[in-house]
Amino acid sequence: MDPTTSLRGKVAVVTGGGRGIGRAIAQTLAAAGARVGLIARSKEQIEETAASVRETGGVAEAFPADVTVPAAIDGAMDAIMRSLGPIDVLVNNAGAVKPFGPFWEADLSEWWHSLEVNLRGPLQCTRAALPGMVTRRSGRIINVASRAGTMPTPFYASYGTSKTALIRLTECLALETKAYGVAVFAISPGTVRTAMSEYSLNSPEGKKWLPWFRRIFDEKIDVTAERPAKLVLDLASGRADALSGRFISIYDDLDFLRENAATIEEKDLYSLKVEKLSSVGGTPRIGSILEDARRAAEKATK
């Protein structure tokens with residue numbers, strides 16, 4: 001085991017841990033020594049993941065819950081803490097991708113459900129885990145976002161909107177928790193052949209509205225689930241805490257980012273921003289006001 005990424009003695013929670021990227025993350029964190037709590041709607045799938053971890057000598061337990069149901073998540077998180085111990089690492093991975101198509105034709109209940117899964121789910125899990133992390137002045141939260149949250153994509157608006165919000169939430173929480181020793185990250189996991197991507201590829205809706213998606217696989221741009229799992233492990237280990245609040249892709253060189261953390265902080269890189277032409281007038285004092293907001297967050301902890 002690489003000592004720089006050891007999680008021995010730590011407790012990690014992975015939502016959406018029953019299959020795909022979530023399962024790979026759970027197995028990777030457990031192999032690094034973490035005791036892993038798995039959350040997902042499907043009891044059978046997370047029990048399969050837990051069994052696969054135990055077969056290799058790791059520790060994992062299944063806690064069935066729907067991330068869109070606050071009482072269920074609070075109950076699951078309490079059960080994890082009673083069974084495994086205080087939560088050191090939270091990986092918000094559970095996600096939903098539907099619906100596809102023009103917004104004016106969308107079923108708004110289905111459209112909003114995507115935000116319930118992709119945004120409220122992480123909110124609820126983070127709200128349950130964060131007080132303990134703040135008290136212990138230690139912890140890491142990793143939100144599985146998407147590059148879709150940084151760019152407009154037609155006929156894919158619910159997913160993109162939810163991931164944009166998740167990235168911004170990450171940035172805000174990082175500022176609030178920095179002085180408490182808690183690091184918060186958003187990541188882009190790349191495109192992995194999962195049940196969600198299969199739906200995007202092969203459903204009638206996906207074929208009609210996202211024909212470009214197939215190119216990722218035809219041109220072999222997709223990646224294995226182990227690749228985002230490795231990034232999650234690196235972040236969970238604390239090696240990159242100086243990058244808290246940043247949106248980091250599997251394609252980024254994490255060591256290079258760590259070496260340039262001061263520049264990233266100074267120029268506010270790897271974050272959501274609105275770029276403008278240099279000749280366009282703006283509000284020149286807003287930068288200093290935002291700096292005041294950051295300093296106020298630090299003072300609030302003293």
Side-chain angles (χ1 to χ4, degrees), residues 14-26 28 40-42 45 49 67-68 91-122 142-170 185-232 246-252 270-272:
V14 181
T15 70
R19 60 189 183 185
I21 295 173
R23 177 171 289 185
I25 290 172
T28 299
R41 289 180 302 169
S42 172
Q45 289 180 350
T49 300
V67 297
T68 69
V91 183
N92 288 308
N93 168 73
V97 71
K98 298 187 289 184
F100 304 145
F103 172 76
W104 59 91
E105 296 179 1
D107 179 326
L108 284 184
S109 294
E110 186 180 33
W111 203 98
W112 190 252
H113 179 72
S114 183
L115 271 79
E116 291 278 335
V117 176
N118 297 339
L119 181 59
R120 184 168 184 171
I142 302 161
N143 295 318
V144 179
S146 170
R147 190 163 181 263
T150 67
M151 54 188 289
T153 308
F155 313 125
Y156 203 39
S158 63
Y159 183 76
T161 298
S162 65
K163 294 302 186 178
T164 301
L166 186 59
I167 295 168
R168 181 63 85 200
L169 173 66
T170 299
F185 307 93
I187 70 165
S188 174
T191 301
V192 176
R193 191 175 283 274
T194 63
M196 283 196 345
S197 63
E198 289 290 347
Y199 177 82
S200 302
L201 278 171
N202 298 315
S203 68
E205 297 84 359
K207 290 179 178 179
K208 180 176 182 179
W209 298 111
L210 307 179
W212 52 267
F213 190 70
R214 184 167 296 279
R215 284 188 56 193
I216 296 174
F217 296 92
D218 290 345
E219 299 178 17
K220 303 186 185 306
I221 305 172
D222 60 307
V223 299
T224 65
E226 286 70 29
R227 192 156 174 184
K230 174 61 166 60
L231 174 58
V232 169
R246 305 301 162 182
F247 176 61
I248 301 172
S249 166
I250 58 164
Y251 301 108
D252 291 323
Y270 300 87
S271 63
L272 294 177

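Residues take their numbers from the sequence shown, with the count starting at 1. Keep in mind the model is a prediction, meaning the values are calculated, not measured.
Without hydrogens or angle criteria, D107 side chain to S109 main chain gives a donor-acceptor distance under 3.5 Å. Of the possible donor and acceptor atoms, none in the side chain of N93 sits under 3.5 Å from a partner among the backbone N and O of V14. Judged purely by atom type and a 3.5 angstrom limit, R147 has no side-chain atom pairing as donor or acceptor with the backbone of S188. Checked by atom type and distance alone, the side chain of K208 never pairs as donor or acceptor with a backbone atom of S203 at under 3.5 Å. Judged by distance alone, with hydrogens and angles left aside, the side-chain atoms of T15 form a donor-acceptor pair with the main-chain N or O of A94 at under 3.5 Å.
A heavy-atom distance below 4.5 Å is not found between the side chains of I25 and P228. Put simply, the side chain of S271 does not reach to within 4.5 Å of the side chain of F247, judged on heavy atoms. Put simply, the side chain of V192 does not reach to within 4.5 Å of the side chain of D222, judged on heavy atoms. Under the 4.5 Å side-chain criterion, counting only non-hydrogen atoms from C-beta, S249 is not in contact with I187. Contact annotation: the side chain of H113 approaches that of T68 to within less than 4.5 Å [non-hydrogen atoms, C-beta and beyond]. Side-chain contact between T153 and Y159: absent, with no pair of heavy atoms (C-beta onward) separated by less than 4.5 Å.
Ring geometry, Y199 versus F100: the interplanar angle falls from 30° to 60°, so the pair is classed tilted.
With a 6.0 Å cutoff to the six-membered ring centre and a 45° limit on the axis angle, R246 does not count as a cation-pi contact of F185.
In summary, of the residues considered (V117, N118, I167), a side-chain contact (heavy atoms from CB on, under 4.5 Å) with S162 occurs for N118 alone.
Note that CD1 of I250 is 8.0 Å distant from CG of L231, once rounded to the nearest 0.5 Å.
Closest approach of A225 to G20, counting heavy atoms only: CB-O, 4.0 Å.
In this model, a donor atom of one side chain and an acceptor atom of the other lie less than 3.5 Å apart for R23 and T49.
Between W209 and Y156, the distance from one ring center to the other does not fall under 6.0 angstrom.
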